[in-house]
Amino acid sequence: MDVLYFAWVRERIGLPKEKVETDAATVSDLVAELSAREDRYAAAFADLSALRVALDQELSDFDAPLSGVREVAFFPPMTGG
Amino acid sequence: MRIAVQEEEFDLGAEANAFAAGDAANGAIVTFTGVVRDLATGDLDVMEIEHYPGMTERALTKIAQDAKERWSLGDVLVIHRHGRLAPGDRIMMVATASPHRKDAFEAAEYLMDYLKSRAPFWKKEITTSGADWVAAKDEDEDALTRW
């Protein structure tokens, strides 16, 4: 699946987008997998309360299942307007 | 209904005129415009606005459609810019048209409240002393509970 990062999450991880091969069942499982990879991921995902997640461009939550999902995005709370 | 996510500047007068020239059944037109505000210290150089192409348009369309279901609205316009902006530049505008003033005002406030915390935009303030992402405010999230 495609995993996208925005704002300071993108800066901390150091890339805007990557393809991830995973069997993670939920968003939390995916976060745990990514965090175990490298420090920069662990740093970005250290405080999940400061993060939001979208699945296929719809706001979701960290307990949500990933089956059938093609695009996951992680970002801080939005500041539009 | 028109939703525009764009880097280029928009002409507030032309947009408002075109929007108001629609259906004469809409006796009330409300427009709101957001402008890049300088910091209290007066040293903001650039406001950089990042967004999530695809999700942004979907989120704005949903917010506008929800407003149309909730209030009697003849038309809705949302324009939101991204990229590098300077203090005083216009960031965004919303406009609502309704037969009734109350609907037009309330729907415009609703659009603004949802746009602040549910549309995937992120602002970064660049000053002479560095760059910082603008943190979301609790009061912006709390504002949604009134709807």
Side-chain angles (χ1 to χ4, degrees), chain A residues 1-20 22 26-27 30-31 34-35 39-81, chain B residues 3 5 32-37 47-63 78-82 85 90-94 108-126 130-144:
Chain A
M1 65 179 67
D2 289 324
V3 181
L4 283 69
Y5 310 106
F6 291 96
W8 60 254
V9 185
R10 170 179 56 73
E11 290 180 340
R12 212 160 286 183
I13 291 175
L15 75 175
K17 183 178 180 174
E18 62 184 321
K19 286 230 182 279
V20 175
T22 179
T26 65
V27 176
L30 174 64
V31 167
L34 292 169
S35 298
D39 285 350
R40 57 194 169 113
Y41 288 95
F45 291 117
D47 178 11
L48 291 188
S49 72
L51 288 181
R52 301 290 179 270
V53 60
L55 301 181
D56 289 331
Q57 305 191 352
E58 296 279 351
L59 210 53
S60 187
D61 55 70
F62 287 88
D63 298 330
L66 285 178
S67 79
V69 172
R70 287 169 315 219
E71 187 173 298
V72 180
F74 295 102
F75 43 79
M78 297 162 267
T79 52
Chain B
I3 307 291
V5 181
F32 172 87
T33 312
V35 173
V36 178
R37 186 180 54 215
M47 163 92 70
E48 218 168 70
I49 302 179
E50 181 172 336
H51 81 116
Y52 182 172
M55 180 174 170
T56 309
E57 291 79 359
R58 284 167 72 133
L60 293 177
T61 302
K62 164 115 184 20
I63 293 166
V78 179
I79 302 175
H80 203 302
R81 296 178 64 195
H82 58 90
L85 280 70
R90 293 182 193 116
I91 303 178
M92 50 78 58
M93 74 175 286
V94 301
E109 286 215 68
Y110 175 92
L111 290 169
M112 285 312 305
D113 281 349
Y114 270 84
L115 224 137
K116 277 223 166 274
S117 352
R118 291 292 183 272
F121 290 99
W122 300 276
K123 296 189 181 115
K124 189 182 201 177
E125 290 169 342
I126 299 164
D132 262 317
W133 290 97
V134 176
K137 295 191 191 79
D138 288 342
E139 66 205 59
D140 289 338
E141 189 64 32
D142 294 346
L144 302 186

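Lettering follows sequence order; numbering is per chain, from 1.
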Ring geometry between B:F121 and B:H80 (parallel below 30°, tilted from 30 to 60°, perpendicular above 60°)
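Taking B:F121 first and then B:H80, their aromatic rings lie parallel (interplane angle under 30°).
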Contacting region of [X] [heavy-atom separation from chain A under 4.5 Å]:
| X | answer |
| --- | --- |
| B:K123 | both |
| B:H82 | neither |
| B:A135 | backbone |
| B:R118 | both |

Between A:Y5 and A:E18, does any side-chain donor sit less than 3.5 Å from a side-chain acceptor?
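The criterion, which ignores hydrogens and geometry beyond distance, is satisfied for A:E18 and A:Y5.
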Going by atom types alone, do B:W133 and B:E125 pair a side-chain donor with an acceptor below 3.5 Å?
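No, B:E125 and B:W133 have no side-chain donor paired with an acceptor closer than 3.5 Å.
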Side chain, backbone, both or neither: which part of A:A54 has an atom under 4.5 Å from a heavy atom of chain B?
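Just its side chain gets close to chain B.
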What part of A:R52 is in contact with chain B, defined as an atom under 4.5 angstrom from a non-hydrogen atom: side chain, backbone, both or neither?
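For A:R52, no heavy atom lies under 4.5 Å from chain B.
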Test log, rule side-chain contact (heavy atoms from CB on, under 4.5 Å), inputs A:L15 and A:R40
CA-CA 11 Å; A:L15 75 175; A:R40 57 194 169 113; 4.0 Å; yes
Expected list for residues 62-74 of chain A: side-chain donor-acceptor pairs under 3.5 angstrom, two or more places apart:
{"residue": "A:E71", "atom": "OE2", "partner": "A:Q57", "partner atom": "NE2", "Å": "3.2"}
{"residue": "A:E71", "atom": "OE2", "partner": "B:Y52", "partner atom": "OH", "Å": "2.5"}

